[in-house]
Undergrad: 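I have a structure I would like to understand better, so I am pasting it below and will then ask my questions one at a time.
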Amino acid sequence: LNTTQALFYKCARTINVWAAYDKGTIHQVFANGKLLKQQTFFADKNKLGQPVLEVIHVYQQDDSTAWLSTNEGLTRLNPISGSYKIYNKWGDRVVKELRYATLSPKGQLWLATGPEGVYTFDINTNQFLDNFRFDKADAFSICSDNIVSLYFDKMNNVWCGSFGGGASYTNLENVFFNKHISK
């Protein structure tokens, strides 16, 4: 299997393990060292009628909500019921090739993409809010449109790691990106 990422999420009584693959994701739930449940999503192995998706990253928000960064957009999955919704439209634009998701202190998802920088997404309204792109004429734009990782530090700065373009960071209050180029 071609795994791209794994995630551990600890609940009150269980531990959830997600493995992201080139086709789908496997979700395992453990308690007291024993496997309670194993599910496969978006690989069409179970013939659930789900689309086959390349899952790049999984962010589990809570017991009933996991956000999947996929080649076809952002997928909100309820691992308990198996229900899901794919979000991939922002106005007339198609949002795809998501690579990473993390929740900001303000309760918005920040989403790294390969071709289009970073999107923000409101988890309450299920709407894309903004898109931060690289602009060589703007010294305060993000370092690259090819973002592969995101991290929020204790000062409410979001750090954006790119593939080949260094890193950027900004504070959530001003959204002027500072760049750090790797040498």
Undergrad: Walk me through it: do Phe42 and Thr75 pass the test side chain to side chain contact (heavy atoms under 4.5 Å, CB included)?
TA: CA-CA 10 Å; Phe42 307 108; Thr75 302; 3.8 Å; yes
Undergrad: Might you work through the side chain to side chain contact (heavy atoms under 4.5 Å, CB included) test for Tyr119 and Arg93, ending with a clear yes or no?
TA: CA-CA 12 Å; Tyr119 283 93; Arg93 296 169 73 179; 3.5 Å; yes
Undergrad: My understanding is that only residues two or more places apart in sequence, or in another chain, count here; which of them pass side chain to side chain contact (heavy atoms under 4.5 Å, CB included) with Gln127?
TA: Thr125
Undergrad: Restricting to side chain to side chain contact (heavy atoms under 4.5 Å, CB included), what partner residues turn up for Ser69, sequence neighbours left out?
TA: His57, Leu98, Ala101
Undergrad: Heavy atoms only: give me the nearest Ile123-Gly107 pair and the separation to one decimal.
TA: CG1-O, 3.4 Å
Undergrad: At their closest point, which heavy atom of Phe128 faces which heavy atom of Asn88, and how far apart are they?
TA: CE1-N, 4.2 Å
Undergrad: With sequence neighbours left out, write down each residue that passes side chain to side chain donor-acceptor pair (under 3.5 Å) with Asp92, or none if nothing qualifies.
TA: none
Undergrad: For Tyr84 and Phe41, what are the C-alpha separation, side-chain angles and deciding distance, and is it a ring-ring contact (aromatic ring centres under 6.0 Å, His included)?
TA: CA-CA 10 Å; Tyr84 68 94; Phe41 297 103; 8.8 Å; no
Undergrad: How close do Ser168 and Ile142 get, heavy atom to heavy atom, and via which atoms?
TA: OG-C, 3.6 Å
Undergrad: For residues 55-74, which residue pairs qualify under salt bridge (charged side-chain N to carboxylate O under 4.0 Å, His left out), counting only residues two or more places apart or in two chains?
TA: none
Undergrad: Please list, chain by chain and in numerical order, all residues satisfying side chain to side chain donor-acceptor pair (under 3.5 Å) with Ser83, sequence neighbours excluded.
TA: Ser81
Undergrad: Indicate yes or no: at least one non-hydrogen side-chain atom of Lys89 is less than 4.5 angstrom from one of Val95.
TA: no
Undergrad: Side-chain contact test, heavy atoms from C-beta onward, threshold under 4.5 Å: evaluate it for Leu53 versus Ile86 and give yes or no.
TA: yes
Undergrad: Under the side chain to side chain contact (heavy atoms under 4.5 Å, CB included) test, which residues partner Thr170, sequence neighbours left out?
TA: Val158, Asn174, Val175, Phe177
Undergrad: Is the shortest side-chain heavy-atom distance between His27 and Leu77 below 4.5 Å?
TA: no
Undergrad: Please find the pair of heavy atoms, one from Gln50 and one from Thr40, that lie closest to each other, and give the distance.
TA: OE1-O, 4.5 Å
Undergrad: Among Thr70, Leu150, Asn146, find the residue that satisfies the side-chain contact (heavy atoms from CB on, under 4.5 Å) test when tested with Arg99.
TA: Asn146
Undergrad: Are the side chains of Phe152 and Leu103 in touch, meaning some heavy atoms are under 4.5 Å apart?
TA: no
Undergrad: Name all residues meeting the side chain to side chain contact (heavy atoms under 4.5 Å, CB included) criterion together with Asn126; count only those two or more places apart in sequence or in a different chain, and write none if there are none.
TA: Trp67, Arg76, Tyr87, Phe121
Undergrad: Who pairs with Glu54 by side chain to side chain donor-acceptor pair (under 3.5 Å), at least two apart in sequence or on another chain?
TA: none
Undergrad: Taking transitive links into account, so neighbours of neighbours count too, which hydrophobic residues share a cluster with Ile80 at under 4.5 Å side-chain distance?
TA: none
Undergrad: Of all residues at least two apart in sequence or in a different chain, which pass the side chain to side chain donor-acceptor pair (under 3.5 Å) check with Trp90?
TA: none
Undergrad: Can you pull the side-chain hydrogen bond (donor to acceptor under 3.5 Å, both in side chains) pairs that have at least one residue in residues 100-114, sequence neighbours excluded?
TA: none
Undergrad: Minimum heavy-atom separation for Asn156 and Pro105, please, with both atom names.
TA: OD1-CG, 3.0 Å
Undergrad: According to salt bridge (charged side-chain N to carboxylate O under 4.0 Å, His left out), does anything in residues 140-157 pair up with another residue at least two apart or in another chain? List the pairs.
TA: Arg133-Asp145
Undergrad: Can you see which heavy atom on Cys160 is nearest to which on Cys143, and at what distance?
TA: O-SG, 4.1 Å
